[in-house]
Structure formats: C-alpha cells, structure tokens
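What follows is a single structure, and I will ask about it in a moment.
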Amino acid sequence: MPVQPLAELIRFARHNSPFYRELYAHLPSQVARLTELPVVPQADFWRANSPRDNRLLTAPLHEAVVFRSGGTTGSPKFSYYTRREWREFTTAFGAGLAHAGLRPGHRVADLFYAGDLYASFSFVLDSLHRSPVANVRLPIGGAAPWESTAATLEEFQVQVVAGTPTTLCSLAERLTSAGRSLPDVELLFFGGECLFGDQLPLLEGAFPKAQVRSLGYASVDAGLLGEAVPGGDPRVHRVFTPYTVVEILDDETDQPVTGDGVPGRLVVTDLRRRLMPVLRYPAGDRAEWVDRDAGVFRILGRAEEGVRVGPVSLYTQDVHDIVMAADTAGEVTGLQLVVRRSNGRDGLVLRLATAEPGDGNAALADAVAAAVLAQRPLYRSATAAGHVNPLTVQWVRHQDLAVNSRSGKLIRVVDERPHS
C-alpha cells in the first residue's frame, strides 16, 4: 500500500488543488514538516469542496466513488475516493478488524445503513471482504424490520453483529421486549458514534454471551483514524501507521500534545489520498494520548457538540456524565438533549430512555434534573430570571429516541425551535 513522502504530498496538493494552493500561499516553496502547515479551516474546506466548480480536488471528477459526509447536522458534504484509494482504505481497515476480534469463519451481520450516498454499509462490507481473516458476510442493513433481522441472525447462527450503538440498542430492546435473546452472538462491533456504559445492560440482556467492541475508528471525510485496541475501554485506538498521521492539539496553544493524558482536538493527515487531500484535517473529536510513543489514544467525544439554551451553553458529553452519575441503578439506556421554545423562551428537555417509562421514574427524574442544575447553576438562575423555561425530563423507550434517517445514528441534540 503506497505511502507518499510528506513533502511530495504537500507539493502535489499545492500544485493541483486551488484550495491548498491558496491555504499555503504564505509558506516557503519547500515544506517537509506537518507543524509548518496550518490546520485546515473546515468551513473553507467544505465551501471549496462543492459538487460544482470544485476547488479542493486535485483532478477532474472522472473516476471516483462519492459519499455524503458531515454527520447529522449542517449542509450536505461530499467525499471522493478513487477506486485505488477506496480499495486501500478498506484493506487497511479490514486488517484492523482482526485486532478487534474477528476470527476465521465468523458469520458477520452488517447492520449499518446504506443508500443516499451514505458510506458505512459499503465500507464495512468491503472491509470485511478485504480482511485477511476469512469470514461469512450477511449484508442485512440497518433499515430492515427487526423481526426479519432477528430471524436471519438466528437462522445463520450469526456470531458477529456490526452496527451503530443506536441500531444495536434498538434491536436489543425489541428482542428483550419480546422475551428473546441471541446467545450465538459472540461480538457486537459498534462504530459511527460513541457507546456508553449505560447502554451495556440493555445489550447484555439481548446478547448474553457477546463482547462489545469498537470495530475501529474512521470517517468518510477524514479516512483512517485508529484501529481497535482490545481491552476494557472501547474508546482506545491505535493510529493506522504508516498510512495516516494523527495529532492531538492542545486547547490553549494549538500545538501538538507530546505527553499522555492531555486532552485536545484530533487532527489527521492521510499519506495515501491524492484526489481529495487530507492534510491536518480536524476529525471533529477530542482525544488524549494513552501511549503516544505507541500511537495509542483515547477518544473523548465530539469536539464541539452541544447546544445553547437562552444564555446557557451545555455540552452533551457533560450532561451525559452528570446523568450517569445520578443514575446509580443504571436505568437510563439513552439520552437526548431536546430544545424547545414556548412563551417566548427557550427550554431544555432531557429525553431519557429506559425499559419501562412511566410514573415510576419520577424519583429518578427529580434526581437527574437536580444533578444537572447543581452542575449548571446558570440554568437555574436563568430560569428564576425568566430567561429560559424550567428544565424537564421526558421518559421514552430506546426505540423512540430520534435518529438520523440516513445513518441510523442517535441525534444527541434535537432542536425543535422554529428557525424561520
């Protein structure tokens, strides 16, 4: 798998991509170190990467596969791979599946989502196809009726189920509600979003013998990011050396973190892609080194995922941690921040999933709300001042949480305010 010298890749991008030519216009003619390059400004990157009059690509769009990226919010964004680049991408990721736990002969159900230019279903299927580990692939998809999915898993005695945490939890909830379980499943491979400890009891109920593991860390825009590292923490990954270079940039200085345990934003450089170069591109996540010398890091959550309710800023990861701490019995299996507007004021609704929503959850709702307000006293004072509506809790089943219709990923912030 060819890896380009960094200096040559920079020279190529400057010569052939109008975007990179302008971005690097102030730099010396010869650049050989990553730290000499600016971090890619994402807004400018995507403006340049339009389907028409594209100023990012290094060649006309004559041969490529096109995928839509950009997650659950924002304008559509498109990523391009040549035939060779896609083959190399999935080959490298497929090799990483062996480290994640894939074993010869495993029967693997792909429950990721397909269609509408979404990449995950094809990406996982192609990675399994190109993995050095022999396997049996069942391309079910994430949109199939749960009864049909469960029947296929049982009929083929599937040992590995791959999907987003939201898809896996939704299937688990359907199975347990029907009094069923799938003891043949040995591995639950998740990807596309974080999996939290409060989701494990739900998964264990439906898949009693399964280990839950990350299948790896990648995105269609940033490319290869990290292969799974077996162990107790599914957030830990290892850089796909030598194909990509991962940096963690300090929040204060924006310089590369050199020590372990220091949080920062993750940026990636792909040393193989040429059609759509990725040079110091922000992956959108925060991370910290576990062992920098070995290239091992821990994902800490999305870099800027949160919401503003009136004058109060809340980050989903912070709220999730507060709820988990308050939920000592582990009853909550999912969470969304819902923002609504009434009587001329914003208000926050904590939408919490549990096995049996109803009046019996009132005490836990009070405890959760009190914990959030204790950690975010500005919300309480803003409520008293009449700037925001009181914080409320809404109980639902996991299957009732809002998901992206295209990807099946949980939408962690649901903004129901009118924007017209």
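Given the structure is predicted, the values throughout are model-derived calculations rather than measurements.
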Could you check L314 against D318 for side chain to side chain contact (heavy atoms under 4.5 Å, CB included), going step by step and ending with a plain yes or no? CA-CA 7 Å; L314 300 111; D318 293 344; over 6 Å; no
Look up atom OG in S170 and atom CG in L401, then write down how far apart they are to the nearest 0.5 Å.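 If I round to the nearest 0.5 Å, the distance is 9.0 Å.
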Can you sort out the partners of Q4 under side chain to side chain contact (heavy atoms under 4.5 Å, CB included), two or more places apart, ordered by chain and number?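 Result, side chain to side chain contact (heavy atoms under 4.5 Å, CB included) vs Q4: L9, R274.
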Please name the pair of heavy atoms, one in L335 and one in L410, separated by the smallest distance, quoted to 0.1 Å.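 Looks like O-CD2, 3.7 Å.
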Rounded to the nearest 0.5 Å, how far apart are CD of E227 and CZ of F240?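 Going from CD on E227 over to CZ on F240, the span is 5.0 Å.
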Does the plane of the ring in F123 sit parallel, tilted or perpendicular to the ring in F93? Use 30° and 60° as the thresholds.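 The arrangement is tilted - the two ring planes meet at 30° to 60°.
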Are any of the side-chain heavy atoms of L188 and R213 separated by less than 4.5 Å?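 No, every pair of side-chain atoms sits at 4.5 Å or beyond.
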Under 3.5 Å, side chain of N49 to main-chain N/O of R55, donor-acceptor pair present?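 Such a contact is absent between N49 side chain and R55 backbone.
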Can you find a pair of side-chain heavy atoms, one from F297 and one from V236, that are under 4.5 Å apart?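 The answer is no, as the side chains (C-beta and beyond) never meet within the 4.5 Å cut-off.
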Could you tell me the separation between the CD1 atom of I140 and the OG1 atom of T149, rounded to the nearest 0.5 Å?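 The distance works out to 5.5 Å.
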Is the side chain of D400 donor-acceptor paired with the backbone N or O of V396 at a distance under 3.5 Å, no angle test?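 Side chain of D400 to backbone of V396: no pair is present.
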More than 12 heavy atoms of other residues, nucleotides or ligands under 6.0 Å from CZ of R137: is that the case?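 Result for CZ/R137: enclosed.
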Donor-acceptor under 3.5 Å (R14 side chain, R21 main chain):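 Checking the backbone N and O of R21 against the side chain of R14, no donor-acceptor pair under 3.5 Å is found.
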If you measure only the distance, is there a donor-acceptor pair under 3.5 Å linking the side chains of T164 and T167?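 Side chains of T164 and T167: pair found under 3.5 Å.
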Between D270 and Y243, is any side-chain donor less than 3.5 angstrom from a side-chain acceptor?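 There is no such pair (donor and acceptor under 3.5 Å, judged by atom type) between the side chains of D270 and Y243.
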Within a strict 4.5 Å, meaning less than it, do heavy atoms of the Y24 and L37 side chains meet?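 Side-chain contact under 4.5 Å: yes.
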Do you see a donor-acceptor pair shorter than 3.5 Å between the side chains of N389 and D346?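 There is no such pair (donor and acceptor under 3.5 Å, judged by atom type) between the side chains of N389 and D346.
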Got a salt bridge between R286 and D251, using NZ or NE/NH1/NH2 to carboxylate O under 4.0 Å?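 A salt bridge is present here (some side-chain N lies under 4.0 Å from a carboxylate O).
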Check ion pair D254-R265 (N to O, under 4.0 angstrom):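 Salt bridge between D254 and R265, a charged N being under 4.0 Å from a carboxylate O: yes.
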Taking everything shown except E147 itself, do over 12 heavy atoms lie less than 6.0 Å from its CD?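 Result for CD/E147: enclosed.
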Apply side chain to side chain donor-acceptor pair (under 3.5 Å) to residues T269 and R280 and explain how you reach the verdict. CA-CA 5 Å; T269 297; R280 301 200 89 193; 5.7 Å; no
Within 45° of the axis and under 6.0 Å from the centre of the six-membered ring of Y81, does NZ or CZ of R273 qualify?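 That pair qualifies as a cation-pi contact.
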Exam field: side chain T354 to backbone P357, donor-acceptor pair closer than 3.5 Å: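 No, because the side chain of T354 does not come within donor-acceptor range (under 3.5 Å) of the backbone of P357.
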In the structure I gave you, are the side-chain heavy atoms of L352 and V393 within less than 4.5 Å of one another anywhere?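 Yes - at least one pair of side-chain heavy atoms lies under 4.5 Å apart.
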How far does OG1 of T244 sit from CG of L225, to the nearest 0.5 angstrom?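 It is 6.5 Å, given to the nearest 0.5 Å.
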Main-chain N/O of A151 paired with E154 side-chain donor or acceptor, under 3.5 Å: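 Answer holds: no.
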Could you report the tightest heavy-atom contact between Q157 and D184, atom names first, then the distance?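 Shortest heavy-atom contact: CG-OD2, 3.6 Å.
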Run L138 and R107 through side chain to side chain contact (heavy atoms under 4.5 Å, CB included) and show every step you take. CA-CA 7 Å; L138 292 96; R107 301 179 183 189; 4.3 Å; yes
Could you pull out the closest heavy-atom pair between F121 and D110, with the gap in Å?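 It is O-OD2, 2.9 Å.
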From CZ (F207) to CG (L200), nearest 0.5 Å: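 Going from the CZ atom of F207 to the CG atom of L200 covers 12.5 Å.
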Taking atom types as modelled, is there a side-chain donor on S214 or H237 under 3.5 Å from an acceptor on the other?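 S214 vs H237: donor-acceptor pair found between side chains.
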Distance-only side-chain donor-acceptor flag, H398 / E173, under 3.5 Å: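 There is no such pair between these side chains.
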Closest non-hydrogen atom pair between L187 and L102, with its separation: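 In terms of heavy atoms, the two residues are closest at CD1-N, 4.3 Å.
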Between T152 (side chain) and S148 (backbone), is there a donor-acceptor pair under 3.5 Å?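 Side chain of T152 to backbone of S148, a donor-acceptor pair under 3.5 Å: yes, one is there.
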Hey, does the side chain of S181 reach the backbone of P183 with a donor-acceptor pair shorter than 3.5 angstrom?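 No; zero donor-acceptor contacts below 3.5 Å.
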Counting N and O atoms only, with roles assigned by atom type, does the side chain of R292 sit under 3.5 Å from a partner on the main chain of V257, one being a donor and the other an acceptor?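 The answer is yes, because a donor-acceptor pair under 3.5 Å joins these two groups.
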Ignoring hydrogens, what is the shortest heavy-atom contact between A326 and A367? Give both atom names and the distance.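 Residues A326 and A367, closest heavy atoms: CB-O, 4.2 Å.
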Could you check whether any side-chain N or O of N135 sits under 3.5 Å from a backbone N or O of V133, counting only pairs where one atom can act as donor and the other as acceptor?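 The answer is yes, because a donor-acceptor pair under 3.5 Å joins these two groups.
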For residues R397 and Q399, is any side-chain donor paired with an opposing acceptor at under 3.5 Å?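 Per modelled atom types, R397 and Q399 side chains form no pair under 3.5 Å.
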Decide, yes or no, whether a salt bridge links K209 with E186 under the criterion of side-chain N to carboxylate O below 4.0 Å.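 Looking at K209 and E186, the cut-off is not met.
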Yes or no on side chain to side chain contact (heavy atoms under 4.5 Å, CB included) for V414 and L337, after CA distance, side-chain angles and deciding distance? CA-CA 6 Å; V414 180; L337 276 63; over 6 Å; no
Could you walk me through whether V388 and L348 pass the side chain to side chain contact (heavy atoms under 4.5 Å, CB included) test, one step at a time? CA-CA 8 Å; V388 299; L348 177 66; over 6 Å; no
Would you call E416-R341 a salt bridge at under 4.0 Å N-O?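 No salt bridge links E416 with R341.
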When you compare the side chain of V108 with that of V158, does any pair of heavy atoms fall below 4.5 Å?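 They are not in contact (no side-chain heavy atoms under 4.5 Å apart), so the answer is no.
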Least distance between heavy atoms, V278 atom then D221 atom: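 Minimum heavy-atom separation between V278 and D221: CG2-O, 3.7 Å.
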For the atom pair CG (L249) and CD (E252), what is the distance rounded to the nearest 0.5 Å?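 Taking CG in L249 and CD in E252, the distance rounds to 13.0 Å.
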Quick one, V161 and L168 - any side-chain contact, counting heavy atoms below 4.5 Å?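 A side-chain contact exists here, since the closest heavy-atom pair is under 4.5 Å.
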Could you tell me whether the side chain of L34 reaches within less than 4.5 Å of the side chain of V245, counting heavy atoms only?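 Side chain of V245 against side chain of L34, heavy atoms only: contact under 4.5 Å found.
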Between the side chains of R351 and Q394, does any donor sit under 3.5 Å from an acceptor?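 There is such a pair between these side chains.
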Y217 side chain reached by L266 side chain, heavy atoms, under 4.5 Å: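 Sidechains of Y217 and L266: in contact.
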Do you know which of Y118, W86, F78, Y80 makes ring-ring contact (aromatic ring centres under 6.0 Å, His included) with F67?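 Output: one option passes, namely W86.
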Between R298 and D233, is there a salt bridge with N-O shorter than 4.0 Å?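 A salt bridge is present here (some side-chain N lies under 4.0 Å from a carboxylate O).
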Closer than 3.5 angstrom, by distance alone: can the side chain of N361 be matched with the main-chain N or O of L364 as a donor-acceptor pair?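 Between the backbone of L364 and the side chain of N361 there is no qualifying donor-acceptor contact (under 3.5 Å).
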Give me the one residue out of F45, Y20, F19 that meets ring-ring contact (aromatic ring centres under 6.0 Å, His included) with Y281.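 For Y281, the ring-ring contact (aromatic ring centres under 6.0 Å, His included) check succeeds only for F45.
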